[in-house]
Asker: 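Have a look at this one before I ask anything.
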Amino acid sequence: MQRTLILLKPDAVQRHLVGEIIARFERKGLRLVALKLVQAGRALAEQHYAVHKGKPFYESLLSFLTSGPTVALVWEGREAVAVCRNLMGLTDGAKSPPGTIRGDFGISVQNNLVHGSDSPENAALEIALWFKNEELVTFAHADATWAG
Ligand code: DAT
Ligand code: MG
């Protein structure tokens, strides 16, 4: 069963979209493994976006991610990485189709509401960056025989 890290970035929190966005992942059939509200500092943001260091938007991206609280979640499920990326839509909200999170709620490239890991390998690294092992909770799901 795959796991992925999802962040509801500061724009999602400030715009009161936390419940709406979480509901989309939840209703899809993904299972919640961890959830918390985090005020990211510069060091955490730098590590999270290390792959983008040197790009023209890097400093602005770090300012954005540290500008307010972020909701961090771990979801688990079949093909969880791809399933979440599909629910999120494209990076640019203006190009992201209706029905996706970014397509329905965003028009910006930078302030695009959600982060989702782009591979199972990166998911493992990102989960370890945002959560302590004891914050990941495994439990029996009542819908296991129905939702798959
Ligand atoms: P994604 O979040 O869809 O995985 P990414 O990993 O390429 O996209 O980029 C990380 C974040 O950086 C993205 O969510 C928003 C920001 N970003 C990407 N390209 C940008 C650009 N051209 N201008 C401003 N911000 C950008
Ligand atoms: Mg990315």
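Both ligands and their constituent atoms are indexed starting at 1 by order of listing.
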Asker: Please check if the number of heavy atoms outside Leu136 that lie under 6.0 Å from its CG is greater than 12.
Answerer: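 Correct, the count exceeds 12.
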Asker: Does ligand 1 have any atom sitting under 4.0 Å from a heavy atom of Asp118?
Answerer: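 Checking ligand 1 against Asp118, which is what was asked, there is no heavy-atom contact under 4.0 Å.
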Asker: Show me which atoms of ligand 1 lie under 4.0 Å from any heavy atom of Lys9.
Answerer: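 Those atoms are 14 (O).
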Asker: Can you figure out which of Arg85, Gln110, Lys55 has its heavy atom closest to atom 4 (O) of ligand 1?
Answerer: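 Checking each option, the heavy atom nearest atom 4 (O) of ligand 1 is found in Arg85.
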Asker: To which protein heavy atom is atom 13 (C) of ligand 1 closest, and what is the distance rounded to 0.1 Å?
Answerer: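 Looking at atom 13 (C) of ligand 1, the protein heavy atom closest to it is Asn112 ND2, 3.6 Å.
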Asker: Return yes when atom CG of Asn133 has more than 12 non-hydrogen atoms of other residues, nucleotides or ligands closer than 6.0 Å, and no otherwise.
Answerer: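 Not more than 12 within 6.0 Å, no.
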Asker: Number the atoms of ligand 1 from 1 as they appear, then name those within less than 4.0 Å of a heavy atom of His52, with their elements.
Answerer: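 Counting from 1, the qualifying ligand atoms are 5 (P), 6 (O), 7 (O), 9 (O), 10 (C).
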Asker: If we only consider heavy atoms of His48, is any one of them less than 4.0 Å away from an atom in ligand 1?
Answerer: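 In this structure, His48 fails to qualify as a contact of ligand 1 - no heavy atom is under 4.0 Å.
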Asker: With Leu8, which of Leu35, Ile22, Leu113, Ile101 fulfils side-chain contact (heavy atoms from CB on, under 4.5 Å)?
Answerer: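 With Leu8 as partner, Leu35, Ile22, Leu113, Ile101 yield a single side-chain contact (heavy atoms from CB on, under 4.5 Å), made by Ile22.
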Asker: Have a look at ligand 1 and work out which part of Leu61, if any, has a heavy atom under 4.0 Å from it: side chain, backbone, both or neither.
Answerer: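 It is the side chain that touches ligand 1; the backbone stays farther off.
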Asker: Check whether Thr66 reaches the backbone of Arg42 with its side chain - one donor and one acceptor, N or O, closer than 3.5 Å.
Answerer: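 Judged by distance alone, no pair lies under 3.5 Å.
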Asker: Establish, yes or no, whether the cationic atom of Lys36 lies under 6.0 Å from the six-membered ring centre of Phe131 and within 45° of the ring axis.
Answerer: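 Yes, Lys36 and Phe131 form such a contact.
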